[in-house]
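One structure is given here, and the rest of the page talks about it.
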Amino acid sequence: MIIEILKALLIGVVEGITEWLPISSTGHMILVDEFVKLAVSPEFLELFLVVIQIGAICAVLVLYFHKLNPFSPRKTAAEKRGTWRLWGMVVIGCIPAAAIGLTLDDFFSEYFYNAWTVAVALIIYGIAFIAIERYNRKREAAYLAARSQRRPAAGSRADRQPVFERPRGRHARVPQDYYERPVAAGAADGRVMDVCVGPGDDGDDAEAALFKVRTVDEIDWKTALKIGCFQMLAIIPGTSRSGSTIIGGMLCGCSRTAAAEFTFFLAIPVMFGWGLLKALKFVLGGLAMTGTEIAVLAVGIVTAFVVSILSIKFLMGYIKKNDFTAFGVYRIVVGVVVLGYFGLKTAGIL
């Protein structure tokens with residue numbers, strides 16, 4: 001029993017990390033299952049891999065409790081209405097996934113839950129992340145080039161402000177307030193420098209120029225429905241639910257932060273519903289869990305909860321300074337590893 005609990009602990013860690021990072025929890029679960037097999041019934045294993053996601057969802061509820069709670073006494077009437085509106089957008093975004101999941105879940109599980117599908121999906125969406133972020137960097141560079149043509153008037157308050165250098169690094173993201181600083185004349189070494197702009201100074205907002213939806217509260221019903229359609233693609237193993245919705249969000253004009261947060265919120269009804277569906281199938285099938293299986297399930301859920309809190313905090317901190325390119329590269333590497341490993345195994349070499 002101790003060995004099985006340790007295995008459940010490892011699986012919970014993998015679930016907590018991969019559920020929220022756009023790298024496909026299914027792909028990693030297939031790899032883990034290849035080397036760490038739980039001594040449980042096939043029916044329970046199918047239930048376990050879905051229900052431990054409830055622990056991951058609880059992490060979202062804890063971290064965003066105030067934002068998602070429309071009854072909070074600390075909120076004004078307008079803020080409460082905004083929270084109800086946000087929940088409405090979440091419900092709209094879940095409609096496509098609910099419709100497809102209820103009708104095609106068994107079909108895709110039977111015919112597409114395999115290493116080959118997962119590997120191809122990992123690689124395709126990895127390329128998509130890299131392509132989208134490369135496009136965003138080009139837009140950002142074009143915006144900065146246009147801004148560099150503007151100079152503060154000599155002797156103006158902006159002209160007298162301290163000078164700062166733009167963050168460097170291929171995938172480094174520019175701080176939000178950077179775009180609120182008009183660009184001053186180049187430094188002595190030729191690098192483009194900028195200056196601070198105080199309250200009341202004019203300045204275009206590059207975040208708004210690059211992404212029409214900057215915060216999750218700005219998502220309207222049309223955008224929510226479009227993102228929901230991308231979430232629907234996650235029924236294909238290896239796609240990554242968070243990956244597909246984040247890509248969908250950015251393609252719909254959402255900032256990285258807004259896309260990531262909306263992805264978290266969309267997961268609440270979808271994953272709770274999916275977990276309930278699997279549990280009902282398990283119970284209605286006349287199946288029961290052993291003592292070991294109950295312990296394994298409990299450890300998996302708790303571990304996924306704790307690790308998910310850390311993963312979500314990491315992701316939100318990471319995308320404030322970086323883009324998703326690194327995740328795209330990682331997906332491609334894992335996809336190639338999966339193809340290589342299972343290809344060699346099929347050929348009888350391993």
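Along the sequence shown, residues are numbered consecutively beginning with 1. Atoms considered below: every heavy atom in the structure, side chains included; atoms not considered: hydrogens, waters and symmetry mates. What you see is a predicted model; the values in this text were computed from it and never measured.
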Subject >> Evaluation steps, side chain to side chain contact (heavy atoms under 4.5 Å, CB included), between I246 and F262 >> reply: CA-CA 8 Å; I246 287 173; F262 196 61; over 6 Å; no
Subject >> Spacing of I268 atom CD1 and C58 atom SG [to the nearest 0.5 Å] >> reply: 9.5 Å
Original post:
So, Q53 side chain and G275 main chain: donor-acceptor pair closer than 3.5 Å or not?
Top reply: no
Original post:
Heavy atoms, side chains only, cut-off 4.5 Å: are D323 and E140 in contact?
Top reply: no
Original post:
Applying the 4.5 Å side-chain criterion to the ILVMFWY set and letting contacts propagate, would F282 and I54 be lumped into a single cluster?
Top reply: yes
Original post:
Which heavy-atom pair separates A128 from I247 by the least distance, and what is that distance?
Top reply: CB-CD1, 3.9 Å
Original post:
Between atom CD1 of I332 and atom CZ of F129, what is the distance when rounded to the nearest 0.5 Å?
Top reply: 11.0 Å
Subject >> Validation row: V60, E261 side chains within 4.5 angstrom (heavy atoms) >> reply: no
Original post:
Step by step, would you call I219 with F265 a side chain to side chain contact (heavy atoms under 4.5 Å, CB included)?
Top reply: CA-CA 12 Å; I219 293 176; F265 303 157; over 6 Å; no
Original post:
Is K67 paired with D217 through a side-chain N to carboxylate O contact shorter than 4.0 Å?
Top reply: yes
**OP:** Output the distance between atom CG (L233) and atom CD (Q231), rounded to the nearest 0.5 Å.
**Re:** 10.0 Å
Original post:
Just how far is it from atom CE of M271 to atom CD1 of I52, taken to the nearest 0.5 Å?
Top reply: 9.0 Å
Subject >> Minimum-distance pair of heavy atoms, taken over all atoms of T325 and I130 >> reply: O-CG1, 4.1 Å
Subject >> Non-hydrogen side-chain atoms of M29 and I11 separated by less than 4.5 Å >> reply: yes
Original post:
F327 vs Y318 aromatic rings, parallel, tilted or perpendicular, using cut-offs 30° and 60°?
Top reply: perpendicular
Original post:
Do other residues, nucleotides or ligands put more than 12 heavy atoms under 6.0 Å from E79 CD?
Top reply: yes
**OP:** Heavy atoms only: give me the nearest F48-V296 pair and the separation to one decimal.
**Re:** CE1-O, 3.4 Å
Original post:
When you measure from the side chain of W20 to the backbone N and O of F264, does any donor-acceptor pair fall under 3.5 Å?
Top reply: no
Subject >> Rounded distance (nearest 0.5 Å) linking atom OH of Y330 with atom CD1 of I23 >> reply: 4.5 Å
Subject >> Over 12 non-hydrogen atoms of neighbours within 6.0 angstrom of NZ in K37 >> reply: yes
Original post:
Below 4.5 Å, heavy atoms only, C-beta onward: do L9 and I5 meet side chain to side chain?
Top reply: no
**OP:** Could you check if a side-chain atom of E218 sits within less than 4.5 angstrom of a side-chain atom of K212, using non-hydrogen atoms only?
**Re:** no
Original post:
Minimum heavy-atom separation for E19 to R241, with atom names?
Top reply: OE2-NE, 3.9 Å
**OP:** Mind running side chain to side chain contact (heavy atoms under 4.5 Å, CB included) on F305 and V62 for me, showing each step along the way?
**Re:** CA-CA 10 Å; F305 168 75; V62 169; 3.8 Å; yes
Original post:
So, the side chain of T239 versus the backbone of I236: is there a donor-acceptor pair under 3.5 Å, distance only?
Top reply: yes
Original post:
Are any side-chain N or O atoms of T117 and backbone N or O atoms of Y113, one a donor and one an acceptor, separated by less than 3.5 Å?
Top reply: no
**OP:** Tell me whether L104 is reachable from V118 by hopping between hydrophobic residues (I, L, V, M, F, W, Y) whose side-chain heavy atoms are closer than 4.5 Å.
**Re:** no
Original post:
If you measure from CZ on R256 to CG on N136, what distance do you get to the nearest 0.5 Å?
Top reply: 5.0 Å
Original post:
Is R331 reaching over with its side chain to a backbone N or O of I124, donor-acceptor style, under 3.5 angstrom?
Top reply: no
Original post:
In the single-linkage hydrophobic clustering (I, L, V, M, F, W, Y; side-chain heavy atoms under 4.5 Å), do W116 and F108 co-cluster?
Top reply: no
**OP:** Would you name the heavy atoms of C252 and K226 that are closest together and state the gap between them?
**Re:** SG-CB, 3.5 Å
Original post:
Do NZ/NE/NH1/NH2 and the carboxylate oxygens of E34 and K345 come within less than 4.0 Å?
Top reply: yes
Original post:
Quick check: does any side chain N or O of S311 sit under 3.5 Å from a backbone N or O of G16, one acting as donor and the other as acceptor?
Top reply: yes
**OP:** Report whether L10 and I30 are members of the same hydrophobic cluster (ILVMFWY, side-chain heavy atoms less than 4.5 Å apart, transitive linking).
**Re:** yes
Original post:
With under 30° as parallel and over 60° as perpendicular, where do the rings of Y341 and F35 fit, or are they tilted in between?
Top reply: tilted
Original post:
Applying the 4.5 Å side-chain criterion to the ILVMFWY set and letting contacts propagate, would L47 and V270 be lumped into a single cluster?
Top reply: no
Subject >> Test item: L21 and F314 side chains (from C-beta on) under 4.5 Å apart, heavy atoms >> reply: yes
Original post:
How far apart are the C-alpha atoms of F324 and L315, what are their side-chain angles, what is the distance that settles it, and do they pass the side chain to side chain contact (heavy atoms under 4.5 Å, CB included) test?
Top reply: CA-CA 10 Å; F324 287 103; L315 180 63; 4.2 Å; yes
Original post:
Side-chain contact, heavy-atom cut-off 4.5 Å: S25 with V14?
Top reply: no
Original post:
Out of I2, L38, V32, which residue meets the side-chain contact (heavy atoms from CB on, under 4.5 Å) rule with K7?
Top reply: L38
**OP:** Check whether any side-chain heavy atom of T83 lies under 4.5 Å from a side-chain heavy atom of S72, and answer yes or no.
**Re:** no
**OP:** Measure up the F71 and W84 rings against each other and bin them: parallel (under 30°), tilted (30 to 60°), perpendicular (over 60°).
**Re:** perpendicular
Subject >> Nearest heavy atoms of L122 and S24, plus distance in Å >> reply: CD2-CB, 3.6 Å
